[in-house]
Amino acid sequence: MAREGAERPPEETLSLWKREQARLKARVVDWDTEAWQRDPDFSGLQRVGGVDVSFVEGDSVSACVSLVVLSYPELEVVYEECRMVTLTAPYVSGFLAFREVPFLVEAVQRLQEKEPDLMPQVLLVDGNGVLHHQGFGVACHLGVLTDLPSVGVAKKLLQVDGLEKSDLHKEKIRLLRAGEDTFPLVGGSGVVLGMALKSHDHSTNPLYVSVGHRISLEAAVRLTRACCRFRTPEPVRQADIRSREYIRRTLGSHGPPALRQERIQKAQRSEACPRGGLGEPEGEDRSPQDHSPDPGAELDEPSEAPRDSGNLKNRAVMMSVSTDQSLYRAKNTP
DNA sequence: GCGACAG
DNA sequence: ATCTTGTCGC
């Protein structure tokens, strides 16, 4: 029973969502709070988390939420969890968090219960941080609700506050050389909202990095860069790969019958070319050859004093942050 | 009708 | 997000 896509919520709901974003935005800390963030080599950083949500084709409410934790600097997966969920809110640009964040928070809570020692010291999130309509994208949202440092890594530019894919913007992209180049994304107010980062020598489209929570933009970009083996940073990439794989394993024998045949042929084609090249064909990092070698508190008054995000005492803070379910449930037309 | 549109 | 085909490079 693949339920059909949810419709756009009424203005009343969007209004409530905006208020919530404005309320939580006050809790965002956009500077470094951890010692490792200031260290040139990130010494002290040992665990980087990544989250992603993949969807079941033909079904806009069934999805797989995955949370992975990679060791740093090895970037090897030390924790992984995939879980099927039923989304309650539709996707509306600017309100991605209301669709995904409740499940991401739950994933972090389960990690806290099962393997507290593996709690990541920072989360890389697929989406924007402060580079957002209300200055509070999904990366900020998740960061604030969990009180974990977080970074927003988007694959497409969200055209907000004067930012646009103008010819000038495209020209700046063309000028990015080594796979480490960046240029600032300056909003209309003159504030730097994020950085465009050419994460890979052979990738055309840059990543759009912005502050999520408890980290400076400088450290956020440096960290993202340090986590990139391919175009997308490994934590996010691994979360993506594994959530997709989970859906394949789970719905492999069922799912949309009409599409199964092609799915099989695709799988066979992938196996035909086991080793992939380095380049990620034109911006996207979804090519069959893209497989890497292995398959696989009260923050009301932010203090300048660095806190250890790995300190489990802070996790209690997370539990205290309410996630009013009604706010994350789309009220569609009666 | 046209442009926008994180995931 | 998801789907698609081909193409380049090692």
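Chain naming here is simple, since letters A, B, ... match the order of the sequence lines and numbering starts at 1 in each. Quick caveat, the model's predicted, so the values are computed rather than measured.
Residue contacts shown for A:G152 are absent, as no nucleic acid heavy atom lies under 4.0 Å away. A:V138 comes within 4.0 angstrom of a nucleotide base, judged by non-hydrogen atoms across all strands. Using a 4.0 Å heavy-atom cutoff across all strands shown, A:F98 reaches no nucleic acid atom at all.
Pairing each heavy atom of A:G49 with each of A:P120, the nearest pair is N-CB, 3.4 Å.
When the C1' atom of B:dA6 is taken as reference, atom CG of A:L142 falls 15 Å away, rounded to whole Å. Regarding A:L193, its CG atom lies at a distance of 16 Å from the P atom of B:dA6, rounded to whole Å. If you take OH of A:Y328 and C1' of B:dG7, they are 17 Å apart, rounded to a whole angstrom. To the nearest angstrom, P of B:dC5 lies 13 Å from CG of A:D161. In this structure, A:E100 places its CD atom 12 Å from P of B:dA6, rounding to the nearest Å. Atom CG in A:L158 sits roughly 9 Å away from atom C1' in B:dC5 (whole-Å rounding). Rounding to whole angstrom units, NE2 of residue A:H200 and C1' of C:dC8 are separated by 13 Å. Across the protein-nucleic acid pair, A:R99 atom CZ and C:dA1 atom C1' stand 8 Å apart, rounded to whole Å.
Candidate nucleotides B:dG7, C:dT2, B:dA6 were compared by shortest atom distance to the side chain of A:D52, and B:dG7 ranks first. If you check B:dA6, C:dA1, B:dA4 against the side chain of A:D126, the one that comes closest is C:dA1. Distance from the side chain of A:N128 is smallest to B:dA6 among C:dA1, C:dT2, B:dA6.
In terms of phosphate contacts, A:S54 brings no side-chain nitrogen or oxygen within less than 4.0 Å of OP1 or OP2 of C:dA1. Contact between the side-chain N/O atoms of A:K165 and the OP1/OP2 oxygens of B:dA4 is not found at any separation under 4.0 Å. A:R244 has a side-chain polar atom (N or O) that falls below the 4.0 Å cut-off from OP1 or OP2 of C:dT2.
Comparing B:dC5 with C:dT2, their C1' atoms sit 15 Å apart, to the nearest whole Å.
Aromatic stacking is marked for A:Y91 over B:dG7, as both cut-offs hold: 5.5 Å for the centres and 30° for the planes.
A cation-pi geometry, defined here as NZ or CZ lying under 6.0 Å from the six-membered ring centre and within 45° of its normal, holds between A:R222 and A:F42.
The residues A:K155 and A:D126 are annotated as salt-bridged, a charged nitrogen and a carboxylate oxygen being separated by less than 4.0 angstrom.
Looking at A:D59, its side chain does come within 3.5 Å of a backbone N or O of A:V61 through a donor-acceptor pair.
No more than 12 heavy-atom neighbours from other residues, nucleotides or ligands sit within 6.0 angstrom of CZ on A:R19.
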